[in-house]
Amino acid sequence: QFEFDSSIKGALPADFQWGYATAAPQIEGAWNKDGKGLSIWDTFGHTPDKVKDGSNADDTARSYDLYKQDVARMKRYGVTAYRFSLSWSRIIPLGGKDDPVNEQGIEFYSKLIDELIANGITPFVTLFHWDTPQALEDRYGGMLDKEKYIPDFNRYARVCFERLGDRVKQWITYNEPGVYTLAGYAAGVHAPARSSFRDLNEEGDSSTEPFIVAHTELLSHAYAAKIYKEEFKPQQKGTIMITLHGNWNEPWDESDPKDVEAAQRAQEFEIAWFADPLYKTGDYPASMRAQLGDRLPRFTPEESRLVLGSSEAYGMNSYTAFYVRHRDAEPDINDHKGNVEVSDTNKHGVERGIESDTPWLRTSPWGWGKLLRWIWDRYQTPIFITENGTTAKGEHDFKPKGPDDVLEDPHRIDFYKSYLSEVAKASQEGVVIKSYFGWTFTDNWEWAAGFTDRFGATWVDFDDPEKPRYAKRSAYFLRDFFGHLIKGGTN
Ligand code: PNW
């Protein structure tokens with residue numbers, strides 16, 4: 001049995017939704033089954049030397065085949081909601097507005113949604129979690145060409161609303177547009193692997209492309225939201241939003257105004273880049289325009305009006321916090337962080353948090369509470385926490401003793417306990433928070449890290465072709481903790 005802090009009992013409203021989040025390319029497998037077309041992540045995984053352990057997205061956790069047992073397991077974990085993404089190239093294999101719909105793709109998602117609802121689990125559905133159809137990348141460079149891309153995305157979104165919107169009431173257009181564009185077009189470590197400053201023979205121009213792609217993401221999100229609100233929402237009565245990623249940036253020296261300003265600027269480059277156009281001004285933050293000038297695209301007045309207010313809530317993904325220091329030099333042409341220096345310790349030598357099994361990710365709940373308030377103060381929009389979680393060292397060595405064996409994961413329990421306590425306290429103070437999704441349901445294919453990063457509440461034996469699953473202790477911790485935190489709960 002777990003022990004809980006009585007001061008946060010019932011801190012979350014009775015209609016609070018919680019569960020786990022996943023993404024199609026990371027869990028489905030069945031990369032070429034039943035008519036699915038290729039995505040840029042299939043290509044990435046099949047290109048030598050891109051993925052840390054040489055793995056690819058062919059099979060991953062095989063949730064395409066195992067979805068029924070997965071839903072049954074979620075029910076045992078006590079979730080009320082499940083966030084997953086649709087694979088565009090499973091639904092429209094060639095991606096484009098005049099390309100045929102793959103009925104077997106629709107059928108799969110339709111069955112998954114029915115299974116969830118039959119088990120009392122609310123589906124939260126993401127249209128785009130980074131897996132651009134390869135055909136669109138080949139035809140016109142994907143999101144680099146907004147004129148060609150937007151009609152294709154509009155049509156894809158419309159097919160999803162039409163065919164699944166009778167049962168799906170919570171839509172998310174994009175997952176983390178910022179991570180997609182920075183990892184794919186700046187660092188070049190994610191598909192489509194374009195970068196002009198890393199010596200990996202990638203093509204691209206990292207001084208402009210990340211901002212062009214972000215602009216396309218914002219506009220195509222806004223058009224899809226308009227389509228939903230005008231053509232579907234009146235009958236289907238759902239909600240549409242976007243999910244943004246952002247860590248907390250704390251001044252390295254809190255008594256130095258330059259560091260305080262640098263931390264705020266880092267926060268704007270990371271979050272306000274998307275959130276100011278969407279929720280505040282219809283335009284990019286002044287700090288970005290000042291540094292980037294004409295390398296940052298411009299919205300027409302009409303586009304500003306379209307983007308502002310397009311997302312009906314704030315989808316929030318966040319994992320960790322950093323210390324940030326003023327940088328006393330001209331910004332680099334390939335800088336995307338607001339000309340700051342990032343570090344793991346502050347001026348006093350205080351560490352940002354305990355290490356996980358993932359280099360960038362440490363347990364830093366102290367920053368999470370600040371981030372929740374920063375978002376709430378600046379945007380005054382209800383927050384759906386759509387991802388948060390951690391890896392833990394040592395999980396590769398687990399040798400299950402039988403099908404009911406449970407992996408002990410105290411590091412993850414401490415992570416969830418401390419972050420959720422911040423959620424509860426912020427909620428008690430009036431920050432409106434509507435959901436929490438742990439990342440992630442099962443161990444999965446962690447993009448360029450392959451199978452080396454295990455974020456799951458469920459351990460998967462990737463060496464076994466059947467991909468058997470085993471619970472981690474944290475799955476039961478979360479179930480019991482939400483029974484404590486949610487008003488009227490059982491603990
Ligand atoms: C998110 N960072 O990505 C994604 O939405 C998931 O698909 C992914 O598996 C998960 O977080 C864990 O990585 C991120 O460097 C990738 O700060 C990198 C960062 C943040 C989020």
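Just so you know, ligand 1 is whichever comes first in the structure, and atom 1 is the first atom listed for that ligand. Because only heavy atoms are used, hydrogens play no part in the values below, and waters and symmetry mates are left out as well, while side chains stay in.
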Practice problem: Report, in ascending order of atom number, the atoms of ligand 1 lying under 4.0 Å from any heavy atom of Q26. | Solution: 6 (C), 7 (O), 9 (O)
Quiz item: Can you list the ligand 1 atoms lying under 4.0 Å from a non-hydrogen atom of E176?
Solution: 1 (C), 3 (O), 4 (C), 5 (O), 14 (C), 21 (C)
Quiz item: Using a distance-only test with no angle check, is there a side-chain donor-acceptor pair under 3.5 angstrom linking S318 and W368?
Solution: yes
Quiz item: What atoms of ligand 1 come within less than 4.0 Å of a heavy atom belonging to H129?
Solution: 4 (C), 5 (O), 6 (C), 7 (O)
Quiz item: What do you reckon, does N247 have a nitrogen or oxygen under 3.5 Å from a nitrogen or oxygen of ligand 1?
Solution: yes
Quiz item: Between T22 and Y82, do the side chains contain an N or O donor and an N or O acceptor separated by less than 3.5 Å?
Solution: yes
Quiz item: So, for Y476 and V406, which heavy atoms are closest and what is the spacing to 0.1 Å?
Solution: CE1-CG2, 4.5 Å
Practice problem: Distance to 0.1 Å, residue and atom name: give those for the protein heavy atom nearest to atom 13 (O) of ligand 1. | Solution: E446 OE2, 2.7 Å
Quiz prompt | Contacting atoms of ligand 1, where contact means under 4.0 angstrom from a heavy atom of N175 | solution = 5 (O)
Quiz item: Less than 6.0 Å separating the ring centroids of F128 and Y174?
Solution: yes
Quiz prompt | Options W439, W447, W360, Y319, ranked by nearest heavy atom to atom 16 (C) of ligand 1, top entry | solution = W360
Quiz item: M288 and E268: which non-hydrogen atoms are nearest, and at how many Å?
Solution: SD-O, 4.1 Å
Quiz item: What is the minimum heavy-atom distance between S343 and W252, and which atoms define it?
Solution: OG-CD1, 3.6 Å
Self-check item: Sub-4.0 Å atoms of ligand 1 with respect to non-hydrogen atoms of H245
Solution: 17 (O), 20 (C), 21 (C)
